Structures are given as C-alpha cells and as structure tokens.
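Here's the structure, in structure tokens; my notes come after.
What you are looking at is a predicted structure, and each value in this text was computed from that prediction instead of being measured.
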Amino acid sequence: MLLKEYRICMPLTVDEYKIGQLYMISKHSHEQSDRGEGVEVVQNEPFEDPHHGNGQFTEKRVYLNSKLPSWARAVVPKIFYVTEKAWNYYPYTITGKSCSFLPKFSIHIETKYEDNKGSNDSIFDNEAKDLEREVCFIDIACDEIPERYYKESEDPKHFKSEKTGRGQLREGWRDNHQPIMCSYKLVTVKFEVWGLQTRVEQFVHKVVRDILLIGHRQAFAWVDEWYDMTMDEVREFERATQEATNKKIGIFPPAISISSIPLLPSSVRSAPSSAPSTPLSTDAPEFLSVPKDRPRKKSAPETLTLPDPEKKATLNLPGMHPSDKPCRPKSE
C-alpha cells in the first residue's frame, strides 16, 4: 500500500467549486469518450449516510482498453473497464476504483475542501492517524502536463476569466491570490502482488497526479461556463451530458434519473472529485519490459510415449533387476 496526500489550490472559494467540480467531471468525461470507449454512468442518485448526512452516490464504468499503453493491452481482456464508485458529501467526498480481473488492485481517495492555500497539516489526522504519507503540492499554473494534453485556452498562465476577472496566474500566485481554496486528496493505491507492488503503486500515483492536475486546470479554465449556474442547473447539465456520453460510447440504457428525493435508510449503502483514471503515458514501466532475445525454455519433451499396459510387468526400471517383481500387498 502506498499513501500520498495531494494538495491542489484553486483561485476560487469552496462554495464556488461545489458547482465547478460537477461541471468539470461531466464535461471531461464526455470529451474523453468515444465509440466503445469512455465513461458509462451506471447510477447517479441521492444518498444518505448516518454520519456524513445527505450526499450523491455515483457509479461509473471507465472503459480504457484502447487508451492503455501497449504493454498493458497485451495482458488485459479486450473488454476492460474500471469500476468507480463515489460518495459526494461536499465538502467531503469518497471515491473508490477497482478492477474486476485484478482483485488485488484498488485506489481509494478521500477529499476535503477548505478555503486556504493548503496550510492545514492535520486535515486527515482522523482518517490516516499513525499512517506515514508523503505530501505533494500540485500547482495548476506552473506544473508541467503531458504535451499531448496541453491547450493554451486551458493554461492558467494565459487564461483570464471574463466573469470573475481571475486568471493569468504567475509563479507564486498561491501566496497572494484571493480568493483561494485547496482540494486535499488522500490517495491510497494497493497492488498486492509480490515483486511488483512497489513499482506498480508508484506508477499509478504518477498517473493519478497527472489526472488531478489536468482536471483542476480545466475546472478553472471553464469557470465562465459554470460560474452562474445553480445546483439545479448543473444537475440538469450533468444528466443530459451523461446520457449523451453513454450514447457516444455505444451504450443505450434507460434514461438516467437524478432525483432530489433522498433514499430511505433501508436502501442506504455503506460507503467505504472524481475523474476518469486514464493512463497518460504509453511507455511501459521499466520493470515490465520483456527482453526480446530471451531464449525459450523447454518444460517438457516434444513427444511423450506412454508404456503399454500389457508389458507393465516386464518394465526394466532404473535400479531394478529384471528378475525383481513389484511388491504387492498380502491378501488377508
């Protein structure tokens, strides 16, 4: 298990970002989906937790096969998806990701939002008490992203919001920008396979970090699209976009209903800013590279000759004289 805490600051308030994260997740999922690939929304409905209160439960299937690096496509089924379940009790969310054919692989993310610049060092003390973790700051303006995902219109160094006047963030912007909020994410990656665990978990964290960086850059760059929306309006946008996305990838389920009526306690599920976990690199990790000139082992002879049952009594076995007879139990 590898545990890291990511802190991503945004030039927004926590109340503003409540709308922004829902808009970003829906639009990002639709953009990243295509025929047979992308994010299918299976469930999206109100959810009530005895401790966290009212929230929203979402279950998605993230189809990834063609987006996987070549080394991964060689070992996974052709129809491959990650199941993602999220419980949103904003400003606290829980997200879990699992893979059916890799039962020992999982990602667990807990998120909290606060109006500060990432200065709360004890925000996860109750959740991760006594667990050692690395703290990683992500700067949406200055950290580099993979070149193929770069868009100048989504670059916070160049983008300036017409509705809020915020933007064109320069190095050190977190120290003096107002308003400012921070998305704190406690990410646990597990891959319990001896010999590969450490390297695979580190590789997955690299993918998660890139996704968090891209998603938060987009949430801010799209601020003029969602800034004036109400919660009802963003839920309607979410519903319409999810239906369009399901059709886009070739799945035609019944219309998705996003109700405002909480579920009864009897149907509550026990809970353990989510975005598709699509690997952003096509290069195989070094530890999974297979030597091309590896000699092939012969584990068995090319032909196998079975003894004739009729001649079993006359077999000459190593260490046995022809006159020796096999031992038989005495009859009672």
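To the nearest 0.5 Å, atoms CD (Glu40) and OG (Ser29) are separated by 12.0 Å. Taking OH of Tyr17 as the start and NE2 of His216 as the end, the distance is 3.5 Å to the nearest 0.5 Å. Between Arg235 atom CZ and Asn44 atom CG the span is 6.0 Å, to the nearest 0.5 Å. One distance of note links CD1 of Ile8 with OG of Ser183; it measures 4.5 Å at 0.5 Å rounding. With values rounded to the nearest 0.5 angstrom, Thr13 atom OG1 is found 11.0 Å from Gln178 atom CD. Thr188 OG1 to Glu201 CD: the interatomic distance, rounded to the nearest 0.5 Å, is 9.5 Å.
At least one donor-acceptor pair closer than 3.5 Å links the side chain of Asp115 to the backbone N or O of Val14. When atom types are taken as modelled, the side chain of Gln168 and the backbone of Lys160 share no donor-acceptor pair closer than 3.5 angstrom. A distance-only check finds a donor-acceptor pair linking the side chain of Asn246 to the backbone of Val41 [under 3.5 Å]. Judged by distance alone, with hydrogens and angles left aside, the side-chain atoms of Trp226 form a donor-acceptor pair with the main-chain N or O of Ala219 at under 3.5 Å. Although no hydrogens or angles enter the test, the distance criterion places a donor-acceptor pair under 3.5 Å between the side chain of His205 and the main chain of Leu2. His28 contributes no side-chain N or O that, together with a main-chain N or O of Met24, makes up a donor-acceptor pair within less than 3.5 Å. Not a single donor-acceptor pair under 3.5 Å links the side chain of Asp143 to the backbone N or O of Ile138. Ser161 places a side-chain N or O within 3.5 Å of a backbone atom of Thr164 that can act as its donor or acceptor partner. The backbone N or O of Ile140 sits less than 3.5 Å from a side-chain atom of Arg217, completing a donor-acceptor pair. Using modelled atom types, one side-chain atom of Tyr184 and one backbone atom of Asn120 make a donor-acceptor pair closer than 3.5 Å.
Between Tyr92 and Tyr89, the two ring planes are parallel [angle under 30°; tilted spans 30° to 60°]. Ring orientation note: the planes of Phe57 and Trp87 are tilted relative to one another, at an angle of 30° to 60°. Ring geometry for Phe237 against Tyr23 counts as parallel: the plane angle stays under 30°, on a 0 to 90° scale with 60° as the upper cut. Aromatic ring orientation, Phe105 versus Phe191: perpendicular (interplanar angle above 60°, classes split at 30° and 60°).
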**Message:** Arg133 vs Asp125, test: salt bridge (charged side-chain N to carboxylate O under 4.0 Å, His left out). Steps then yes/no.
**Reply:** CA-CA 11 Å; Arg133 61 187 181 271; Asp125 275 3; 3.8 Å; yes

**Stepwise side chain to side chain contact (heavy atoms under 4.5 Å, CB included) test for Thr241 and Lys27** = CA-CA 7 Å; Thr241 305; Lys27 182 174 177 178; 5.7 Å; no

**Item:** side chain to side chain contact (heavy atoms under 4.5 Å, CB included) between Val223 and Lys163, intermediate numbers included
**Value:** CA-CA 8 Å; Val223 63; Lys163 291 184 178 180; over 6 Å; no

**Item:** Full working for side chain to side chain contact (heavy atoms under 4.5 Å, CB included) between His108 and Ile94
**Value:** CA-CA 8 Å; His108 182 81; Ile94 304 170; 3.6 Å; yes

**Request:** Show your reasoning for whether side chain to side chain contact (heavy atoms under 4.5 Å, CB included) applies to Lys185 and Val208.
**Result:** CA-CA 11 Å; Lys185 291 185 176 286; Val208 169; over 6 Å; no

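Each salt bridge (Lys or Arg N to Asp or Glu O under 4.0 Å) pair with one or both residues in residues 13-24, not counting sequence neighbours, appears once here: Glu16-Arg166. Listed by first and then second residue, the salt bridge (Lys or Arg N to Asp or Glu O under 4.0 Å) pairs that reach into residues 102-114 are Lys112-Glu127, sequence neighbours excluded.
Contact annotation: the side chain of Glu162 never approaches that of Tyr227 to less than 4.5 Å [non-hydrogen atoms, C-beta and beyond]. At least one side-chain heavy atom of Cys9 sits less than 4.5 Å from a side-chain heavy atom of Trp173. A heavy-atom distance below 4.5 Å is not found between the side chains of Glu132 and Leu3. Counting only heavy atoms from C-beta outward, the side chains of Lys157 and Arg170 approach each other to under 4.5 Å. Between Phe220 and Glu154 there is no side-chain heavy-atom pair separated by less than 4.5 Å. With contacts defined as side-chain heavy-atom distances shorter than 4.5 Å, the pair Leu196/Phe203 does not qualify. Here the side chains of Gln21 and Asn88 are in contact, with some heavy-atom distance below 4.5 Å.
What you find for Glu233 and Asp228 is that their closest heavy atoms are OE1-O, 3.8 Å. Between Pro11 and His177 the shortest heavy-atom distance is CB-CE1, 3.4 Å.
Using a cut-off of 4.0 Å between Lys/Arg side-chain N and Asp/Glu carboxylate O, Lys247 and Glu243 are scored as not salt-bridged.
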